[in-house]
S.K.: 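Attaching a single structure in structure tokens format; questions to follow.
Here, residue 1 is the first one in the sequence, and each next residue gets the next number. These numbers were taken from a predicted model, which means no experiment stands behind them.
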Amino acid sequence: MTDGGFESICSFVEDELEFATSHYNDSYLDRRISSRIRRTDSDGYDDYHELLAADPDEQEAILDSLSINVTGFFRNPDVWEGIREVLISLSQSPGSVHVWSAACADGRETYSISMLAQEEPRIDASDFYILGTDISPPALETARAGVYEQSRTTDIEGQLDFLDSPEEYVTQRDGAFHVTETARENVTFQRHDLINDEPKSGFDLVICRNLFIYIDPAYKAPILETLGRSLQSDGYLVIGKAETIPPELKSLFTVHDGRLRIYTLTADDPVRNAT
Ligand SMILES: C[S@@+](CC[C@H](N)C(=O)[O-])C[C@H]1O[C@@H](n2cnc3c(N)ncnc32)[C@H](O)[C@@H]1O
């Protein structure tokens, strides 16, 4: 195994397969590539590079493996109890509520927001508008369909235990879980690259979880600035439970619940005032 071999696989994936390996941290990339080396019985980086260059099926397999779309309904249920309280508080303010599920993978996080809003009696879900975005077109295709095959997903029933009446929001047929029309109301999906695309605007709550654990640390602060600029001045941000706000951005966000990683925008923060 040589570092040069690792680097040249990353360059091949970036240049030929158009997946921006330079945005991700090396240890993450190395874990994914080494796993493909083992699965294909290749003899190290150079041997695997040859296989990858010649085999379109392996090109698809490495892209699938790199797209880090691990997700679920109500992932970390304790965080969703915190999100419930935020949604209730937003629902009690005048006007409609706009929520952005950024880096939403296959949409289960996005639909979880909708299901929670529909089920919680203290929320008027008819006034909620929920947007899910991701960089990955195949993930968005699944999200828009709202159909999750049993064979490709683990324990969806367990994930839905968070709800009192999950059958209102997901039905099972033909070996798949189908998100119902009720849960799809007011939910839309769109492609958005958090590194290269512009911020959005007017969101009351942005949920962006489990992206920073994979991304190169250099992109973390710019992404968090993009998220901060997309919020209303009294908006909330939720990041992943294992993620942190970098020190240079601590003035932008005020801790609302430190354990659950829920923040609000700091009223007179310099980043927002610079826009
Ligand atoms: C681990 S999933 C997180 C899914 C969901 N937020 C959750 O916590 O369950 C990470 C997602 O980030 C997406 N992603 C990676 N780079 C991105 C970028 N630059 N902009 C937007 N999404 C990105 C991936 O396609 C993947 O679907």
Side-chain angles (χ1 to χ4, degrees), residues 69-134 139-140 142-148 153-172 177-190 202-211 227 230-232 234-241 243 256-257 259-264:
N69 49 14
V70 177
T71 188
F73 291 107
F74 301 103
R75 190 171 179 189
N76 302 118
D78 54 339
V79 176
W80 285 92
E81 287 303 342
I83 294 175
R84 180 199 298 277
E85 295 309 316
V86 170
L87 295 179
I88 291 169
S89 142
L90 290 172
S91 172
Q92 285 163 353
S93 309
S96 46
V97 176
H98 295 262
V99 184
W100 180 16
S101 157
C104 68
D106 67 13
R108 278 179 277 167
E109 177 182 88
T110 322
Y111 289 125
S112 300
I113 302 163
S114 161
M115 293 171 188
L116 177 52
Q118 300 267 355
E119 190 173 76
E120 171 54 57
R122 287 167 288 175
I123 293 178
D124 174 10
S126 66
D127 226 4
F128 268 61
Y129 297 90
I130 302 165
L131 173 69
T133 65
D134 201 276
L140 289 168
T142 306
R144 289 193 182 100
V147 177
Y148 303 96
T153 43
T154 52
D155 195 22
I156 289 213
E157 268 166 320
Q159 295 168 12
L160 291 167
D161 273 352
F162 184 84
L163 295 166
D164 291 336
S165 310
E167 64 288 350
E168 300 264 324
Y169 309 104
V170 177
T171 55
Q172 274 188 65
F177 294 84
H178 298 247
V179 176
T180 61
E181 279 307 314
T182 310
R184 294 159 67 94
E185 256 171 48
N186 300 348
V187 175
T188 50
F189 292 98
Q190 201 182 79
F203 281 95
D204 301 291
L205 165 64
V206 174
I207 299 179
C208 182
R209 303 168 67 209
N210 304 307
L211 167 65
L227 300 175
S230 305
L231 282 168
Q232 300 269 28
D234 53 356
Y236 293 83
L237 171 75
V238 183
I239 61 173
K241 235 185 141 183
E243 297 172 328
H256 175 76
D257 187 318
R259 189 178 63 84
L260 302 181
R261 303 290 197 268
I262 303 178
Y263 301 83
T264 52

S.K.: Holding to side-chain contact (heavy atoms from CB on, under 4.5 Å), I want the full list of residues that pass it with Q92, two or more places apart in sequence or in another chain.
M.R.: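 Listed in chain order: I88.
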S.K.: With sequence neighbours excluded, what pairs up with S93 under the side-chain contact (heavy atoms from CB on, under 4.5 Å) test?
M.R.: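 For S93, no residue satisfies side-chain contact (heavy atoms from CB on, under 4.5 Å) once neighbours in sequence are set aside.
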S.K.: In a check of side-chain contact (heavy atoms from CB on, under 4.5 Å) between M115 and each of V170, T110, T180, which one passes?
M.R.: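 Only match with M115 under side-chain contact (heavy atoms from CB on, under 4.5 Å): V170.
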S.K.: Specify the closest pair of heavy atoms between L227 and C208, including all atoms of both residues, with the distance to one decimal.
M.R.: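 The answer is CD1-CB, 3.6 Å.
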S.K.: Just jot down the side chain to side chain donor-acceptor pair (under 3.5 Å) partners of T171, sequence neighbours excluded, or say none.
M.R.: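 Residues passing side chain to side chain donor-acceptor pair (under 3.5 Å) with T171: R173.
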S.K.: Can you see which heavy atom on S101 is nearest to which on E109, and at what distance?
M.R.: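 For S101 versus E109, the nearest heavy atoms are OG-OE1, 2.9 Å.
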S.K.: Indicate yes or no for a side-chain donor-acceptor contact from E243 to the backbone of L211 under 3.5 Å, with no hydrogens or angles considered.
M.R.: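 Side chain of E243 to backbone of L211, a donor-acceptor pair under 3.5 Å: yes, one is there.
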S.K.: S96 pairs by side-chain contact (heavy atoms from CB on, under 4.5 Å) with which of D127, N186, L90, D204?
M.R.: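 Checked D127, N186, L90, D204 against S96; only one passes side-chain contact (heavy atoms from CB on, under 4.5 Å): D127.
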S.K.: Check whether any side-chain heavy atom of T71 sits under 4.5 Å from a side-chain heavy atom of N210, and report yes or no.
M.R.: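 T71 vs N210: side chains apart.
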S.K.: Considering residues at least two apart in sequence or located in another chain, which fulfil the side-chain contact (heavy atoms from CB on, under 4.5 Å) criterion with S112?
M.R.: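 Partners of S112 by the side-chain contact (heavy atoms from CB on, under 4.5 Å) criterion, ordered by chain and then number, come out as F73, F74, W80.
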S.K.: Rounded to the nearest 0.5 Å, what's the gap from CG on D257 to OG1 on T264? Could you check?
M.R.: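 With rounding to 0.5 Å, CG (D257) is 11.5 Å from OG1 (T264).
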S.K.: Answer whether the closest heavy-atom distance between the side chains of L87 and L205 falls below 4.5 Å.
M.R.: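 The answer is yes; the side chains approach within 4.5 Å.
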S.K.: Please name all residues satisfying side-chain contact (heavy atoms from CB on, under 4.5 Å) with D164, sequence neighbours left out, ordered by chain then number.
M.R.: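 For D164 the side-chain contact (heavy atoms from CB on, under 4.5 Å) partners, ignoring immediate neighbours, are E119.
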S.K.: Please list all pairs passing the ring pair (Phe, Tyr, Trp, His ring centres under 6.0 Å) test where one or both residues lie in residues 113-132, with sequence neighbours left out.
M.R.: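 Only H98-Y129 qualify under ring pair (Phe, Tyr, Trp, His ring centres under 6.0 Å).
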S.K.: Would you indicate whether the side-chain heavy atoms of F177 and Q172 approach each other to under 4.5 Å?
M.R.: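 The answer is yes, as the side chains (C-beta and beyond) meet within the 4.5 Å cut-off.
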S.K.: Would you find a donor on one side and an acceptor on the other, under 3.5 Å apart, between the side chain of R184 and the backbone of A145?
M.R.: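 Yes, the answer is positive, given that a donor and an acceptor are paired below the 3.5 Å cut-off.
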S.K.: Looking only at non-hydrogen atoms, find the nearest pair between W100 and S230 and report the distance.
M.R.: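 Here W100 and S230 meet closest at CZ3-OG, 3.3 Å.
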S.K.: Closest approach of S114 and A183, non-hydrogen atoms and distance?
M.R.: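 Residues S114 and A183, closest heavy atoms: OG-O, 2.6 Å.
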S.K.: Is there a donor-acceptor pair closer than 3.5 Å between any side-chain N or O of R209 and the backbone N or O of R75?
M.R.: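 Checking the backbone N and O of R75 against the side chain of R209, a donor-acceptor pair under 3.5 Å is found.
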S.K.: Any chance you could measure I113, atom CD1, to I207, atom CD1, to the nearest 0.5 Å?
M.R.: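 Rounded to the nearest 0.5 Å, the CD1-CD1 separation comes out at 4.0 Å.
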S.K.: Are any side-chain N or O atoms of Y169 and backbone N or O atoms of Y111, one a donor and one an acceptor, separated by less than 3.5 Å?
M.R.: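 No; judged by distance alone, with no hydrogens or angles, the pair does not exist.
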S.K.: Say whether, by atom type as modelled, one donor and one acceptor occur between the side chain of N76 and the main chain of V79 under 3.5 angstrom.
M.R.: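 Checking the backbone N and O of V79 against the side chain of N76, no donor-acceptor pair under 3.5 Å is found.
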S.K.: Over all heavy atoms of both residues, which pair between G132 and L140 is shortest? Give the atoms and the distance, please.
M.R.: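 So the minimum-distance heavy-atom pair works out to O-CD2, 4.4 Å.
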S.K.: Taking the side chain as every heavy atom from C-beta outward, state whether E168 and T182 have any atom pair closer than 4.5 Å.
M.R.: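 No - every pair of side-chain heavy atoms lies 4.5 Å or more apart.
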S.K.: Check for a donor-acceptor pair, side chain of R144 on one end and backbone N or O of F189 on the other, with a separation under 3.5 Å.
M.R.: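 Yes; judged by distance alone, with no hydrogens or angles, the pair exists.
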S.K.: Can you find a heavy atom in the side chain of R259 that is under 4.5 Å from one in the side chain of K241?
M.R.: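 Yes - at least one pair of side-chain heavy atoms lies under 4.5 Å apart.
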S.K.: Kindly give the heavy-atom pair with the smallest separation between Y236 and S89, and that separation in Å.
M.R.: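 In this case the closest contact between Y236 and S89 is OH-OG, 3.6 Å.
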S.K.: Side-chain contact test, heavy atoms from C-beta onward, threshold under 4.5 Å: evaluate it for Y148 versus Q159 and give yes or no.
M.R.: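 Not touching, per the 4.5 Å side-chain cut-off.
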S.K.: Taking E120 for its side chain and R122 for its backbone only, find out whether a donor-acceptor pair lies under 3.5 Å.
M.R.: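 It does hold such a pair.
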S.K.: Considering only heavy atoms from C-beta outward, does the side chain of L260 approach that of D78 to under 4.5 Å?
M.R.: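 Touching, per the 4.5 Å side-chain cut-off.
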